[in-house]
Amino acid sequence: MAVIYRQEIIQDITFFTSAPKVQFYDKLFINLDLSEFPESTTKTGRNGFSKKALLCAFIVMKCECFSCITDLVDYLNNNLIIAHYCGFNIMKPLPSYWTFDRFIRKLDNNLLKKLMQSQVLKLSEIDVIDTSFIALDSTPVSANAHKITQNHLPKTISPSQTKTVV
């Protein structure tokens, strides 16, 4: 009898994730309007995973402040209730790192802009956010996207300061 009881507890996925976190994602995904987001299907090959579920998983990644996809994959595998709220079938294997990577590389940025715009308008309509005041930040962001090579060195490093490794 004790073995059956333990097995039932292990299969109940709600025990492994805190209730406030589950409620947060439940409410978030219920109120998220993904009607503009296309659910593409292929005519040949496997159906694959839902594009909306993959997008919801990336929302989880941002909410949990994960910096890499491997953290997201581990999190979803350890919190099946949240994977379920994203829209995945938890009775089957969840997407791999490469599935998430391929999805985010092929995702059209304009779709995300439309989604963000519709969410802001929806939140404005129900008075969650106030749009009577708008602030803009015009601070320039500097970045050095070039690799340091012998031919292209920054002004602060001279060729005599670099070491050649043989």
Side-chain angles (χ1 to χ4, degrees), residues 11-149 152:
Q11 288 179 352
D12 188 0
I13 59 177
T14 59
F15 285 123
F16 299 104
T17 307
S18 67
K21 198 168 277 200
V22 170
Q23 292 170 354
F24 169 75
Y25 287 116
D26 183 32
K27 288 181 182 178
L28 175 68
F29 294 138
I30 284 174
N31 293 307
L32 187 64
D33 181 19
L34 293 177
S35 60
E36 296 286 325
F37 197 76
E39 190 64 57
S40 63
T41 56
T42 59
K43 293 182 179 180
T44 60
R46 293 187 291 164
N47 289 337
F49 295 97
S50 164
K51 305 296 183 217
K52 293 177 182 178
L54 292 167
L55 178 66
C56 288
F58 274 103
I59 292 171
V60 169
M61 182 177 171
K62 289 301 170 191
C63 290
E64 296 295 328
C65 300
F66 296 143
S67 60
C68 56
I69 296 172
T70 53
D71 292 338
L72 173 64
V73 172
D74 290 341
Y75 184 77
L76 291 176
N77 282 315
N78 292 321
N79 296 283
L80 292 176
I81 187 85
I82 294 176
H84 171 71
Y85 283 130
C86 286
F88 296 114
N89 180 356
I90 59 172
M91 301 307 286
K92 294 181 178 180
L94 295 178
S96 68
Y97 168 87
W98 299 109
T99 303
F100 283 114
D101 184 62
R102 186 171 46 253
F103 169 76
I104 202 67
R105 287 182 190 271
K106 291 183 178 181
L107 184 61
D108 184 11
N109 193 28
N110 290 328
L111 291 173
L112 293 177
K113 287 179 182 178
K114 286 181 187 177
L115 177 63
M116 182 63 104
Q117 181 182 16
S118 70
Q119 288 304 117
V120 168
L121 291 174
K122 184 177 181 180
L123 291 172
S124 175
E125 288 172 4
I126 59 175
D127 293 326
V128 173
I129 58 173
D130 181 16
T131 58
S132 63
F133 177 77
I134 297 175
L136 298 175
D137 183 7
S138 63
T139 306
V141 178
S142 302
N144 184 4
H146 300 288
K147 292 182 179 178
I148 298 175
T149 63
H152 181 72

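Taken to the nearest 0.5 Å, the OG1 atom of T99 stands 13.0 Å off from the CD1 atom of I104. The distance from the OG atom of S50 to the CG atom of L34 is 8.5 Å, given to the nearest 0.5 Å. Once rounded to the nearest 0.5 Å, the distance linking CD1 of I69 with OH of Y97 reads 5.0 Å. Going from atom OG of S35 over to atom CG of L115 covers 9.0 Å, rounded to the nearest 0.5 Å. Interatomic distance, I90 CD1 to L76 CG, rounded to the nearest 0.5 Å: 11.0 Å. Expressed to the nearest 0.5 Å, how far OG of S67 lies from NZ of K62 amounts to 8.5 Å.
With hydrogens and angles ignored, the 3.5 Å screen pairs no side-chain donor or acceptor of N79 with any backbone N or O of I81.
E64 is listed as a side-chain neighbour of K21, based on a closest heavy-atom distance under 4.5 Å. Inter-residue side-chain proximity for F88 and P95 is flagged as met; some heavy-atom pair is nearer than 4.5 Å. Side-chain atoms of V60 and L28, non-hydrogen and from C-beta on, never get closer than 4.5 Å to each other. Contact check for H84 versus L80: no side-chain heavy atoms found under the 4.5 Å cut-off. At least one side-chain heavy atom of L32 sits under 4.5 Å from a side-chain heavy atom of I59. A heavy-atom distance below 4.5 Å is found between the side chains of L112 and L55.
Nearest heavy-atom pair across C86 and C56 is O-CB, 3.7 Å. Looking at every heavy atom in both residues, Y85 comes nearest to F29 through O-CD1, 3.4 Å. Between Q119 and D33, the closest heavy-atom pair is OE1-N, 3.1 Å.
Within 6.0 Å of atom NZ in K114, 12 or fewer heavy atoms from other residues, nucleotides or ligands are found, so the atom counts as exposed in its surroundings.
F100 and F58 have perpendicular rings, their planes meeting at more than 60° on a 0 to 90° scale where under 30° would count as parallel.
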